[in-house]
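To keep things clear, I will list the structure first and then write my remarks on it.
Counting starts at 1 for both ligands and their atoms, following the listed order. Residues take their numbers from the sequence shown, with the count starting at 1.
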Amino acid sequence: MQVKPYGDATNDGLVQLSFTLPIRESERAKQAALELVRKMNFTRPQVVHMKGMGPDFTFFIVYGATQHTVDPDDLVVPEREFPELAYGEVNRIIREQLKRQLVVVGACTGTDAHTVGLDAILSMKGFAGDHGLEYFPEMRVVNMGSQVQPYEIVEAVQRESADAVLVSQVVTQRDAHIAHLKEVREALEEAGLRRGLILVGGGPRFSPDQAEELGYDRIFGRGTRPSEVASYLAWAVVNRAVPQAAEEQHA
Ligand code: B12
């Protein structure tokens with residue numbers, strides 16, 4: 001069934017857009033916002049909010065109607081490759097497969113100082129009603145915090161005999177998140193540590209389909225819950241046969 005956005009009435013196609021233009025707040029700025037939205041092929045545009053952001057910028061919220069429709073049943077939706085597991089299952093799989101704790105090193109790399117997302121995944125307290133990885137007795141978590149350089153991650157992987165590395169990137173200006181994730185992967189490869197390691201990246205502007213391009217095993221995006229990451233790690237222990245290399249390090 002074809003569907004269309006719903007605003008005031010079914011199928012009116014109303015969409016809300018927000019953006020900032022690099023011009024001073026004025027009637028001309030408002031007209032520019034309306035014209036821009038018309039150029040995007042929205043009809044009946046209305047500026048419902050306009051606010052100066054300092055002397056040279058203006059923020060807008062604009063409503064406009066789209067003519068486009070979409071049939072959700074026609075889409076090919078990527079399936080998640082791993083099942084979501086309960087807390088006990090995650091612990092059991094790790095215990096039975098590894099016969100020791102899974103060692104997880106987590107860091108926010110490069111210049112990025114946003115640690116809240118990484119802590120949400122790693123810390124005992126967790127996020128959105130889920131406990132973080134530290135809560136799992138079969139995991140040992142080393143949280144390196146923010147602005148960690150790739151060589152420091154390499155050292156930590158060697159020192160801790162890590163099975164998994166979790167890298168967080170929140171700032172995306174000039175694609176810094178992409179560059180920083182690649183730097184970590186390259187440093188691990190150069191040190192001969194990539195094979196047998198579960199390499200996971202995450203942050204609000206990533207999506208799982210970026211894993212291949214970045215050379216990561218899994219990428220998590222906005223709103224990730226710690227239980228999803230725990231489930232993935234348990235799945236990866238079984239399906240990615242992590243551990244040949246790691247087993248040797250732990251021996
Ligand atoms: C809090 C905050 C800060 C705090 C950070 C405190 C801290 N200790 O983390 C402070 C004040 C220090 C800060 C500083 C800056 N910030 Co700031 N900050 C934010 C803010 C408001 C919230 C971020 C947050 O905590 N989200 C909550 C967490 C739980 O969500 P999350 O990070 O998305 O994490 C989840 C997922 O993404 C995922 N995830 C994240 N990492 C990982 C890793 C793995 C392995 C996995 C599996 C999952 C995962 O799981 C998490 C849970 O679901 C955002 C705006 C926003 N509303 O998002 C701006 C924001 C991120 N900041 C921004 C900017 C620009 C900055 C500064 C550059 C500002 C400046 N000019 O100084 C500096 C940068 C400092 C630096 N060197 O990094 C911009 C980034 C813009 C961009 N596109 O890059 C944002 C988006 C604000 C904005 N709209 O402009 N910031």
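Atoms of ligand 1 found under 4.0 Å from any heavy atom of G221, numbered from 1 in the order shown, are 36 (C), 37 (O), 38 (C). Atom numbering of ligand 1 starts at 1 in the shown order; those under 4.0 Å from a heavy atom of F220 are 47 (C). Distances below 4.0 Å separate heavy atoms of F127 from the following atoms of ligand 1: 29 (C), 52 (C), 53 (O). Listed by number with element, the atoms of ligand 1 under 4.0 Å from a non-hydrogen atom of R205 are 83 (N). Contact atoms of ligand 1 toward D112: 78 (O) (distance under 4.0 Å to a heavy atom of the residue).
At a distance under 4.0 Å, a protein heavy atom can be found next to atom 19 (C) of ligand 1. Put simply, atom 14 (C) of ligand 1 has protein non-hydrogen atoms near it, under 4.0 Å away. Shown here, atom 57 (N) of ligand 1 is out of close reach of the protein: none of its heavy atoms lies under 4.0 Å off. Taking a distance limit of 4.0 Å, we find that atom 90 (O) of ligand 1 is approached by no protein heavy atom. Protein heavy atoms are absent from the 4.0 Å sphere centred on atom 10 (C) of ligand 1. Within 4.0 Å of atom 44 (C) of ligand 1, at least one protein heavy atom is present. Atom 74 (C) of ligand 1 is approached by the protein to below 4.0 angstrom, counting heavy atoms only.
At under 3.5 Å, a nitrogen or oxygen of P204, whether backbone or side chain, sits near a nitrogen or oxygen of ligand 1. Residue-to-ligand polar distances place A113 within reach of ligand 1: an N/O pair is separated by less than 3.5 Å. By the 3.5 Å distance cut-off applied to N or O atoms, R225 is not counted among the residues near ligand 1. For ligand 1, the polar-atom distance check finds no N/O of V200 at less than 3.5 Å from any of the ligand's N/O atoms.
For Q169, no heavy-atom contact with ligand 1 is shorter than 4.0 Å. Under 4.0 Å from ligand 1, the heavy atoms of I121 that appear belong solely to its side chain. In T115, the parts holding a heavy atom less than 4.0 Å from any atom of ligand 1 are both the side chain and the backbone.
Using a 4.0 angstrom heavy-atom cutoff, G106 does not count as in contact with ligand 1. Within the 4.0 Å heavy-atom shell around ligand 1 one does not find E228.
Ion pair R44/D12 not flagged as a salt bridge, since none of the NZ, NE, NH1 or NH2 atoms sits closer than 4.0 Å to an Asp/Glu carboxylate oxygen.
Between F136 and Y87, a ring centre-to-centre spacing shorter than 6.0 Å is recorded.
Checked by atom type and distance alone, the side chain of Q147 pairs as donor or acceptor with a backbone atom of T111 at under 3.5 Å. Of the possible polar contacts, none joining the Y216 side chain to the P208 backbone as a donor-acceptor pair under 3.5 Å is found. With hydrogens and angles ignored, the 3.5 Å screen pairs no side-chain donor or acceptor of D56 with any backbone N or O of I23.
Nearest to atom 59 (C) of ligand 1 among the protein's heavy atoms is H114 NE2, 4.0 Å.
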Would you please test S227 and E84 for side-chain hydrogen bond (donor to acceptor under 3.5 Å, both in side chains) and show each step? CA-CA 8 Å; S227 58; E84 194 148 351; 3.2 Å; yes
